[in-house]
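Each residue takes its place number in the sequence, starting with 1.
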Amino acid sequence: MQTSLQGIAKRAKLNKKHRFRDLYRLLNEENLQDSWKYLNSKAASGVDRISMKEFEANLLTNIKGLVKSLKEKRYRAKLVRRVNIPKEKGKYRSLGIPTIGDKLIQKTVARILEAIYEQDFLSCSYGYRPVIGAKDAVSDISTTLVRGRYGYILDADLQGFFDHIDHRWLLKMLEERIDDKPFIHLITKWLKAGILATDGKILHPATGTPQGGIVSPILANVYLHYVLDLWFLKKVEPNCKGEAYLCRYADDFICAFRFKDEVEEFYIALVKRLNKFGLSLSPDKTRIIRFSRFEKGTNYFEFLGFEFRWGTSRKGKDMIKRRTSRKKLLASLIKFSLWCRKCRNFRLRAIFKLLNVKLRGYYNYYGVKGNFTSLQKFFFQALRILYKWLNRRSQRRSFCYNTFNQITKFYHIEKPRITESYQPV
């Protein structure tokens, strides 16, 4: 972290009510150059079709142009290119792709906001944050439910969260910590930027922030920090007779309560709270379930790609058993099959090198204790899919099973393994 950002973080930590001024001046050549190395080198181009390589070819000149337009208040956010990414059941997720220049400025602003709000965010928030992530949330849920006395789970999901963020409320929340009108106005430009839809029409959204913009994740976290996290900490927990627990990853969250009447009261209050800020729960993905160590095997909930169930350890102790969600396992295999189809004509050395990268990434996420069976299932199914597509490289079969097994041994295929470090409960 740069010295200026370290100073901001230190000030924010020491004084929780301090309002920062003169942040706009940090959008200078030095900070933009420093932020460049944090951008994805394979990032997609925006509406101007300028790629990362083309922008980098004249990096200093382009940065000077951006800084000059910012200083002279001539900067205008360009249209955001909309791309639809396929999801399960034929649905799509809309992503907004800014231009490379806008991405660079957004990254610099996001780092400034991160320095401020990382000192404010609560421990129940895990999404879009440095150092901590989804695996930490999974571990925390397991540990907390085992140690506490919880009987009911509210498994919640916000409906179209990124499309329904209220700009007026978001700016008010930012002004709690930022007293810099040009800086706030810059963020407003991105919120109001037009969207170039796939059919060529230009949309001007009244709410929301484009999912895919670099500054969007930190803005989303700020929004839910005030809407949900602080409200749960200051209003919900103190009024509960039993234990109450919240774990949130981006717009997905679960809440655990000891008593049934308290989780039902919270559900009603939550709907009202969200409506106040223009949000709503997804009826298909939100439910209250009985989840108790005294009723093992009857109920489970899914969160962050895992199924959570009560079970018993080899030593006879109560524990939370976790395994890969069936839906996520199937989605991963479908995605893997599409990759094999695309890459089947590569050289074998390149295919197996990429395969090991994919397997390591899969084990690093899903390799939690107790999930070895699911890892094995994915591994064997993935090899069967790869075998099928390698035999479609031509009209003649390329391999038999014995030859294929010898090749996998030669290229040292990554075997399933648990990657989660031990944490005593």
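Taking every heavy atom of both residues into account, M173 and V227 meet most closely at CE-CG2, 3.7 Å.
Legend: side chain to side chain donor-acceptor pair (under 3.5 Å) pairs involving residues 115-124, not counting sequence neighbours, sorted by first then second residue: E118-R129, D120-R177. Under the ring pair (Phe, Tyr, Trp, His ring centres under 6.0 Å) criterion, the residue pairs touching residues 189-225 are F121-H225, with sequence neighbours excluded.
Taking the side chain as every heavy atom from C-beta outward, F253 and L158 approach each other to under 4.5 Å. A 4.5 Å side-chain heavy-atom check between F161 and L224 finds at least one atom pair inside the cut-off.
R323 and T373 share no side-chain donor-acceptor pair at under 3.5 Å. Side chains of S374 and N371: a donor on one and an acceptor on the other come within 3.5 Å. For the residue pair E302 and S325, a side-chain donor N or O sits within less than 3.5 Å of a side-chain acceptor on the partner. No side-chain N or O of S45 forms a donor-acceptor pair with one of S51 less than 3.5 Å apart. A donor atom on one side chain and an acceptor atom on the other are found under 3.5 Å apart for T419 and K135. In this model, no donor atom of one side chain and acceptor atom of the other lie less than 3.5 Å apart for D155 and T286. The closest side-chain donor-acceptor pair between N221 and R248 falls under 3.5 angstrom.
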- Message: Using the rule given for ring-ring contact (aromatic ring centres under 6.0 Å, His included), can you reason through F404 versus Y387, listing the C-alpha separation, both sets of side-chain angles and the distance that settles it, and then say yes or no?
- Response: CA-CA 7 Å; F404 181 73; Y387 174 76; 5.3 Å; yes
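R360 contributes no side-chain N or O that, together with a main-chain N or O of E414, makes up a donor-acceptor pair within less than 3.5 Å. Looking only at distances, a side-chain donor or acceptor of D102 sits under 3.5 Å from a matching main-chain atom of K78.
Ring-plane geometry between Y128 and Y249 is classed as tilted, the angle between the planes lying from 30 to 60 degrees on a 0 to 90 degree scale.
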Tabulate below the donor-acceptor pairs under 3.5 Å that side-chain atoms of residues 330-348 make, not counting sequence neighbours, or state none.
{"unit_1": "S332", "atom_1": "OG", "unit_2": "K328", "atom_2": "O", "d": "2.9"}
{"unit_1": "S337", "atom_1": "OG", "unit_2": "W389", "atom_2": "NE1", "d": "3.3"}
{"unit_1": "R344", "atom_1": "NH1", "unit_2": "R341", "atom_2": "O", "d": "2.6"}

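Aromatic rings from Y150 and F291 are positioned such that their centres are separated by 6.0 Å or more.
Salt bridge present: E295 and R290 bring a charged side-chain N and a carboxylate O closer than 4.0 Å.
Heavy atoms of other residues, nucleotides or ligands lying less than 6.0 angstrom from NZ of K13 number 12 at most.
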